[in-house]
Amino acid sequence: MKVLVGLSGGVDSAVAAHLLKSQGHDVTCAFMRNWDSFANNDIMGNPTIMDDMCTQEVDYADAKRVADHLGLPLLRVDYVKEYWDNVFSFFLAETERGHTPNPDILCNRYVKFDSFYDFMDKNGFDMLATGHYAVTKDGKMFRAEDQNKDQTYFLSRVKPEVLPRVMFPLGELNKEEVRKIALELDLPVATKKDSTGICFIGEREYRDFLKNYLKDSEGSIVEVDSGKEIGRHQGVMFYTIGQRHGLNINTSVGPFFVVGKDLSTNTIYVGKGSDHPMLFASKAEIAEMNWFSDRPKATMDATAKFRYRQKDLKVRITWFDDTRIEVTMLEDVKSVTLGQEAVFYLGDEVLGGGRIDRVFDIHGKEVKYDSRLA
């Protein structure tokens, strides 16, 4: 088949391209440029802003070396506008509301498997491939063999109709095997470290980075049980429910965790201990649900992740309609955060995922970020 593979400049996509070629496919590589630091005012919090070559160009150079090494053609496509319009603008708007959006999930939905998928389709390719750790079969998605690297959480909002024409060559491999293949092939990126940070943007000093786009405002950090101010923060938007580090609370009594936020009073509320009752949720409502399988017509039990690398949690799903569900927690669940993503599984099958739109505490009271808790 004619396969277009996204080549990022990293080891995973490089090995994916090699595997596809070795299987006899007609492989073409493409590098996506989705972020422009200078055009997007990405100055504060950018550790590479003074480098001779920006991170994206370093990655492109690595991708070019890999493509040449493998004897494959390399295209270059630009989705800077699409990324800003469909991913980053929403990320900023949600962050300003005090929510915790996941740009990686949005990027997969709107750029990698939408704009890039359309490019694949319009240019005569049969399939689109990437270096993600996941498995597709019969139009459905399943967890990767390497549970530690499984990336189905980040792929949970990919449109189901594209799956029949998507390939994940690394789905049956573990990371050690991928590194070994890269070293045996003497790939130029065989020892390159995995990318971290925000999708297509990279590592940033998060608070300083956000100050490029959002106005920060100092306020109180209040111990929720006593009502006493025990610290100061630099902006409610910079903190997420369950956060422990970076609070700068000058006391040895803790540890303290963020248990609530109030945008109307610019207050962060913290509770003492990882078992503080305000950290736990009894149920949640998930909006914008994306289903890979035909949804059952009745309530069902499944497992869920409310953040990446979280263990599987037992839940019960009840449908309001095709895009909105209620999730009842069947075991203790901490730090369910508005704006984050919930992903649901039945064994290794990925049922789908959506945005956490409402959260209810252990007493059944709705958690809000715009009304005083104390």
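Since the model is a prediction, treat every value here as computed from it, not as a measurement.
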Does His99 reach the side chain of Tyr369, with side-chain heavy atoms less than 4.5 Å apart?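 His99 vs Tyr369: side chains touch.
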Look at the rings of Tyr308 and Tyr153 and say which category their plane angle falls in: under 30° parallel, 30 to 60° tilted, over 60° perpendicular.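 Rings of Tyr308 and Tyr153: tilted, 30 to 60°.
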Evaluate the ring planes of Trp319 and Trp291, with Trp represented by its six-membered ring, and classify them as parallel (under 30°), tilted (30 to 60°) or perpendicular (over 60°).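 Tilted, since the angle between the ring planes falls between 30° and 60°.
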For His276 and Met278, indicate whether the former's side chain and the latter's backbone hold a donor-acceptor pair under 3.5 Å.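 Present.
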Same apolar cluster: [X] and [Y], side chain cutoff 4.5 Å:
| X | Y | answer |
| --- | --- | --- |
| Phe320 | Ile325 | no |
| Met167 | Leu70 | yes |
| Ile181 | Val135 | no |
| Leu351 | Val162 | yes |

Do Tyr83 and Tyr110 have ring centres separated by under 6.0 Å?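 Ring centroids of Tyr83 and Tyr110 are no less than 6.0 Å from each other.
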Do the two ring centres, one from Tyr206 and one from Phe209, sit under 6.0 Å apart?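 They do not qualify: ring centres at least 6.0 Å apart.
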Indicate the atoms forming the closest heavy-atom contact of Pro101 with Pro103, along with that distance.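 Distance-wise, the nearest heavy atoms are O-CD, 3.4 Å.
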Are [X] and [Y] in a cation-pi setup, meaning NZ or CZ lies under 6.0 angstrom from the ring centre and within 45 degrees of the ring axis?
| X | Y | result |
| --- | --- | --- |
| Lys272 | Phe256 | no |
| Arg76 | Tyr60 | yes |
| Lys140 | Phe292 | no |

Pair Glu326, Thr318: side-chain N/O donor-acceptor within cut-off below 3.5 Å: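 Checked: Glu326/Thr318 side chains show no N/O donor-acceptor pair below 3.5 Å.
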Could you give all pairs that pass the salt bridge (Lys or Arg N to Asp or Glu O under 4.0 Å) test and reach residues 115-134, with sequence neighbours left out?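 Found Asp121-Arg165.
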By side-chain hydrogen bond (donor to acceptor under 3.5 Å, both in side chains) - contacts of Thr337 (at least two apart):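 With neighbours one apart ignored, the set is empty.
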Qualifying residues under salt bridge (charged side-chain N to carboxylate O under 4.0 Å, His left out), relative to Asp322, sequence neighbours excluded: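 For Asp322 the salt bridge (charged side-chain N to carboxylate O under 4.0 Å, His left out) partners, ignoring immediate neighbours, are Arg295.
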